[in-house]
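This report concerns only the one structure given below.
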Amino acid sequence: MAILDPAPEQKDDSFKEDSRPVQAAVLGLGHGARFGGSLEDADSSANADMGDESLAGRHSHGRRSARGSDRKTRHRGRRSRAGGFGGGSAPAAPRADAGDADACREAALTLLDAAARSSGALTRRLVDKGFDTNVVDQVIDRLTKLGLLDDRAYAQDLLRSCLHRTMGERGVLSEMTRKGLDPGLAAQVVAQASHEGLFVDSAYELGRKVARKTAGLDLKVRKRRFWSAGSRKGHSPGLLNQVAADLFVSDDPLD
């Protein structure tokens with residue numbers, strides 16, 4: 001009688017099938033591990049996703065770094081500007097025609113075509129351009145003899161401009177010096193204007209403007225604003241007192 005081997009024991013794979021989603025969830029894998037894909041495929045997919053994210057991050061960081069580097073390059077490439085009239089401009093590079101009087105004269109005429117200038121201001125500009133000082137002096141003298149440079153006429157024009165802006169004696173003198181006029185000439189022009197009473201008229205004009213703008217305000221506030229404006233424009237304290245006593249006597253302007 002033959003002995004039959006017992007039927008091979010069948011393994012229950014349901015546990016493995018049920019545990020696959022659990023393993024996928026625990027390992028933080030993608031949908032491929034849950035639905036039909038192998039764990040090896042899921043690991044490869046996850047690594048690829050992480051690689052893409054890392055590459056994208058590096059690419060974004062690279063663009064930001066490139067932009068920052070570009071901004072720094074542009075900033076380094078900018079030339080600093082000189083602050084104010086005749087103030088600290090960088091020395092000009094040596095030029096081949098530094099001693100050429102004709103080239104210097106052409107440069108001077110170009111500057112005068114752009115704007116009226118005093119001889120002092122023109123001298124500084126030509127020296128800043130790299131021309132030899134002796135050549136510049138020769139050109140300035142020649143232009144003065146030809147009548148193309150006239151410091152006194154320039155001073156008179158500047159005086160009229162300052163008076164139109166209701167500036168005072170001290171303010172006009174400072175402006176003329178800043179524009180490169182000889183201090184002695186500037187003092188003469190200002191003294192003549194003061195003798196003619198031009199700065200008194202300027203102070204009263206400023207007072208009337210402030211009075212109109214501050215109408216309705218407290219009298220002390222109006223006087224304080226007039227004093228502030230007059231001081232900034234270079235009027236003398238005695239003249240400001242006189243104008244304030246004449247124009248600011250009530251809360252209503254010009255009573």
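In this text the structure is predicted, and so the values were computed from the model without any measurement.
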Taking all non-hydrogen atoms of both residues into account, name the closest pair between [X] and [Y] and its distance.
| X | Y | value |
| --- | --- | --- |
| Ala193 | Leu159 | CB-CD2, 3.8 Å |
| Leu122 | Arg117 | CD1-CD, 4.2 Å |
| Glu175 | Met167 | CB-CE, 4.4 Å |
| Asp97 | Ala103 | OD2-CB, 3.3 Å |
| Arg152 | Val189 | NH1-CG2, 4.4 Å |
| Arg225 | Val210 | C-CG1, 4.3 Å |

[Y] backbone acceptor or donor facing [X] side chain under 3.5 Å:
| X | Y | answer |
| --- | --- | --- |
| Thr177 | Leu173 | yes |
| Lys129 | Arg95 | no |
| Ser174 | Arg170 | no |
| Thr110 | Glu106 | yes |

[X] side, atom [atom1]; [Y] side, atom [atom2] - distance, nearest 0.5 Å:
| X | Y | atom1 | atom2 | answer |
| --- | --- | --- | --- | --- |
| Leu126 | Asp132 | CG | CG | 11.5 Å |
| Leu148 | Ser119 | CG | OG | 13.0 Å |
| Gln138 | Thr133 | CD | OG1 | 10.0 Å |
| Arg142 | Cys104 | CZ | SG | 14.0 Å |

Same hydrophobic cluster for [X] and [Y], using side-chain heavy-atom links shorter than 4.5 Å among ILVMFWY?
| X | Y | value |
| --- | --- | --- |
| Val200 | Val172 | no |
| Leu240 | Val190 | no |
| Leu143 | Leu185 | no |
| Tyr154 | Leu109 | no |
| Leu198 | Leu206 | no |

A side-chain contact here means heavy atoms from C-beta on lying under 4.5 Å apart; do [X] and [Y] qualify?
| X | Y | value |
| --- | --- | --- |
| Asp100 | Val135 | no |
| Val139 | Phe131 | no |
| Met176 | Ser118 | no |
| Thr144 | Asp151 | no |
| His235 | Val243 | no |

*asked:* What verdict does the side chain to side chain contact (heavy atoms under 4.5 Å, CB included) test give for Glu205 and Asp201, after you've listed the backbone C-alpha separation in whole Å, the side-chain angles of each residue and the deciding distance to 0.1 Å?
replied: CA-CA 6 Å; Glu205 179 61 24; Asp201 295 340; over 6 Å; no
*Run the side chain to side chain contact (heavy atoms under 4.5 Å, CB included) check on Thr166 and Tyr204 step by step: do they pass?*
CA-CA 9 Å; Thr166 62; Tyr204 272 92; over 6 Å; no
*What's the verdict on side chain to side chain contact (heavy atoms under 4.5 Å, CB included) for Leu181 and Leu158, showing C-alpha distance, side-chain angles and the deciding distance?*
CA-CA 10 Å; Leu181 285 169; Leu158 184 57; 4.2 Å; yes
*Establish, from distance only, whether the side-chain atoms of Arg232 and Ser228 form a donor-acceptor pair under 3.5 Å.*
yes
*From the options Lys223, Arg224, Arg222, select the one residue that forms a side chain to side chain contact (heavy atoms under 4.5 Å, CB included) with Leu217.*
Arg222
*Does the side-chain hydrogen bond (donor to acceptor under 3.5 Å, both in side chains) test come out yes or no for Gln188 and Gln192, once each step is laid out?*
CA-CA 6 Å; Gln188 291 177 13; Gln192 181 64 29; over 6 Å; no
_So that I can tick it off, tell me whether Asp128 and Arg125 are bridged by a salt bridge, with the cut-off set at under 4.0 angstrom between side-chain N and carboxylate O._
no
*Hey, mind stepping through Thr214 and Phe226 against side chain to side chain contact (heavy atoms under 4.5 Å, CB included) and telling me if it holds?*
CA-CA 9 Å; Thr214 59; Phe226 168 68; over 6 Å; no
